[in-house]
Amino acid sequence: MNGAFATEQGNCSLFKFDIPHSCEERPVILDLMPEASLGNRSEGCCRSGVLSAWAVDRSKSFSSFEISVGSKDEDGNELPPANITLMAPGPGYTCSPFLDSHPTVSSVIDGKREVQVFRTWKSTCTYSIFVDNKTPVCCVSLSAFYNPSITPCPSCSCGCRKANKSSVQCTRDEYQLSSSDSATNLSSVRCSDHMCPVRVHWHVETNYINHWRVKLTVSNYNYNRNYSNWNILVQHPGFGQSTEAFSFNSSQLPSLRYGDELALFWGIENFNTELVQSTESNMGYVTTDILFEKDLESFTLSNGWALPRRVYFNGDNCHMPLPDTFPMLPNGNTKQSLSLYLFILLFFFDLFVLVKV
């Protein structure tokens, strides 16, 4: 095997020469680290089990490894692998049976020669949070300039507090990372009503004539984990217009089956690609301002329109507050509120002119 390794060799006593890499019928195979030696590498391998989003880094959005299994039958009726399980990192993936596909072709000798494998099978693995059913890792809180109240993360979003309220650190159940881990893992996080390791806060900051501004902040409540190469996916109709993020990289994505537009955010290299862990005195966080261009036909501040529909952190669906808890306009009327703001602005301007005179 090249580009990955089996965690157990198993019983290979039947082999006297050319001892196999693994003799297990159901081997657990892990990705190699990027610094793996050349003798153990294969093309497109060694991501340390971490894949980048296609929009972030296309060259690191896939990983592959090479494995030789026994020897092929003389009649060419090899059986495909069976019962594949993808652990990435939890049990939320379901993989289809392997189906015959066109034989894979790769290029060698600097692309001057094509080499075709004997046979190729493909399996598609899809993720479901209902199958995963692990403890959530993030939640969303909301606020806006037009409402003095803050909508916090829902209570017990990622589990309930297991320590008294005077304690600074709490423990929460952590999902099982691999079959070799203990049945229950505990992580230490800052005590909160939501008990989430990560909180995403969306604040509607300013409303201009042709634009509006949001501050997006991601806070790490975890005391013993940094999140490297993090990413945030936000679903919001405002991303249908031109946007600009000032402290994050960003890319607007096709909505596909979603009713609203999607935008992906991630850190800037050598600046904020790592969301550091918290300490008792400091909270680890990253933040940016996002400037949205207005579509005057659809833009409104009423009924929570300016707030996100869904937020995902590193692919995990964050727990959203209920819509009836969203910060709303004081009188529920966008046009009247904007007229009031304009009247106050003109009033102060007239007052300034009067004092100046």
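Please read all numbers here as calculations on a predicted model, not as lab measurements.
Using modelled atom types, no side-chain atom of S250 and backbone atom of L264 make a donor-acceptor pair closer than 3.5 Å. Judged purely by atom type and a 3.5 angstrom limit, E261 has no side-chain atom pairing as donor or acceptor with the backbone of Q241. In this structure, N317 contributes its side chain and Y312 its backbone to no donor-acceptor pair below 3.5 Å. At least one donor-acceptor pair under 3.5 Å links the side chain of T287 to the backbone N or O of L216. In this structure a side-chain-to-backbone donor-acceptor pair under 3.5 Å is present from S96 to T124. S48 places no side-chain N or O within 3.5 Å of a backbone atom of V50 that could act as its donor or acceptor partner.
Summarising the local packing, OH of Y285 is surrounded by 12 or fewer heavy atoms from other residues, nucleotides or ligands at distances under 6.0 Å. The environment of I19 atom CD1 is dense: over 12 non-hydrogen atoms of other residues, nucleotides or ligands sit within 6.0 angstrom.
Here C160 pairs with C156 under the side chain to side chain contact (heavy atoms under 4.5 Å, CB included) rule; sequence neighbours left out. Contacts of W121 classified as side chain to side chain donor-acceptor pair (under 3.5 Å), with partners at least two apart in sequence or in another chain: D100. D289 is linked by a side chain to side chain donor-acceptor pair (under 3.5 Å) to R213, K215, counting only residues two or more places apart in sequence or in another chain. For T94, there are no side chain to side chain donor-acceptor pair (under 3.5 Å) partners at least two apart in sequence or on another chain. For L296, the side chain to side chain contact (heavy atoms under 4.5 Å, CB included) test picks out K294, with sequence neighbours left out. Every residue two or more places apart in sequence or in another chain that forms a ring pair (Phe, Tyr, Trp, His ring centres under 6.0 Å) with F265 is listed here: F239. In this structure, S52 has no side chain to side chain donor-acceptor pair (under 3.5 Å) partners at least two apart in sequence or on a different chain.
For residues 297-311, the salt bridge (charged side-chain N to carboxylate O under 4.0 Å, His left out) pairs, not counting sequence neighbours, are D260-R309. A side-chain hydrogen bond (donor to acceptor under 3.5 Å, both in side chains) check over residues 103-115, counting only residues at least two apart or in different chains, returns the pairs T104-T120. Applying the side-chain hydrogen bond (donor to acceptor under 3.5 Å, both in side chains) definition to pairs two or more places apart or across chains, none involves residues 17-26.
The nearest pair of heavy atoms linking Q277 to N222 is CB-O, 3.2 Å. Here the closest non-hydrogen pair linking A245 and T288 is C-OG1, 4.0 Å. Contact record, S143 with H203: OG-ND1, 2.7 Å, taken as the closest heavy-atom pair. The minimum heavy-atom distance between A55 and L253, with the atom names listed, is CB-CD2, 4.0 Å. The two residues T151 and P327 come nearest to each other via the heavy atoms OG1-CD, 3.2 Å. Here the closest non-hydrogen pair linking P34 and R41 is O-NH1, 2.7 Å.
C23 has its SG atom within less than 2.5 Å of the SG atom of C12. Of the two cysteines examined, C139 and C196, the SG atoms fail the criterion of being under 2.5 Å apart.
Of the inter-residue distances, the one linking R119 atom CZ with S101 atom OG reads 11.5 Å to the nearest 0.5 angstrom. For the atom pair H102 NE2 and K122 NZ, the distance stands at 8.5 Å (nearest 0.5 Å). Interatomic distance, OG of S188 versus CZ of R225, reported as 14.0 Å (0.5 Å rounding). Rounding to the nearest 0.5 Å places CG of N231 at 11.5 Å from OG of S251. The distance from the SG atom of C138 to the CE atom of M320 is 10.5 Å, given to the nearest 0.5 Å. Interatomic distance, S42 OG to N2 CG, rounded to the nearest 0.5 Å: 6.0 Å.
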Side-chain atoms of residues 266-273: list all donor-acceptor pairs with protein atoms under 3.5 Å, sequence neighbours left out, distances to 0.1 Å.
| unit_1 | atom_1 | unit_2 | atom_2 | d |
| --- | --- | --- | --- | --- |
| N272 | OD1 | I268 | N | 2.6 |
| N272 | ND2 | S247 | O | 2.9 |

Considering only distance and modelled atom types, tabulate donor-acceptor pairs under 3.5 Å from the side chains of residues 59-69, sequence neighbours left out.
| unit_1 | atom_1 | unit_2 | atom_2 | d |
| --- | --- | --- | --- | --- |
| S59 | OG | D57 | OD1 | 2.6 |
| S61 | OG | R58 | O | 2.8 |
| S63 | OG | D31 | OD2 | 3.4 |
| S64 | OG | E43 | O | 2.6 |
| S64 | OG | G44 | O | 3.4 |

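The aromatic rings of F292 and H236 sit tilted relative to each other, their planes meeting at an angle between 30° and 60°.
T217 is not listed as a side-chain neighbour of V286, based on a closest heavy-atom distance of 4.5 Å or more. Residues Y223 and E280 have side chains in contact (heavy-atom distance under 4.5 Å, counting atoms from C-beta outward). Between N220 and Y227, the closest side-chain pair of non-hydrogen atoms falls below 4.5 Å. A 4.5 Å side-chain heavy-atom check between T7 and P27 finds every atom pair outside the cut-off. Using a 4.5 Å heavy-atom cutoff, the side chains of V234 and W202 are in contact. In this structure, the side chains of V200 and I232 come closer than 4.5 Å at one or more pairs of heavy atoms. Counting only heavy atoms from C-beta outward, the side chains of M195 and D193 never approach each other to under 4.5 Å. The side-chain heavy atoms of N40 and L32, taken from C-beta on, include a pair separated by under 4.5 Å.
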T243/Q252 under side-chain contact (heavy atoms from CB on, under 4.5 Å): CA gap, chis, key distance, verdict
CA-CA 9 Å; T243 62; Q252 292 173 247; 3.4 Å; yes

Test side chain to side chain donor-acceptor pair (under 3.5 Å) on N226 and E274 and set out the steps.
CA-CA 7 Å; N226 295 340; E274 187 168 33; 3.2 Å; yes

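Hydrophobic clustering of Ile, Leu, Val, Met, Phe, Trp and Tyr side chains at less than 4.5 Å, counting indirect connections, keeps L233 apart from L51. In the hydrophobic clustering of ILVMFWY residues, with side-chain heavy atoms under 4.5 Å counting as a link, W305 and L301 come out together. Y208 and F246 fall within the same hydrophobic cluster, where Ile, Leu, Val, Met, Phe, Trp and Tyr residues are linked whenever their side-chain heavy atoms come under 4.5 Å apart, directly or through other members. Hydrophobic clustering (ILVMFWY, side-chain heavy atoms < 4.5 Å, transitive): V115 and I109 are in one cluster. F145 and L291 sit in two unconnected hydrophobic clusters of ILVMFWY residues. Membership requires side-chain heavy atoms under 4.5 Å apart, directly or through other members.
For H194 and Y221, the distance between ring centers is under 6.0 angstrom. Between W230 and F313, a ring centre-to-centre spacing not shorter than 6.0 Å is recorded.
For the residue pair S219 / H201, no side-chain donor-acceptor distance below 3.5 Å is found, with atom types taken as modelled.
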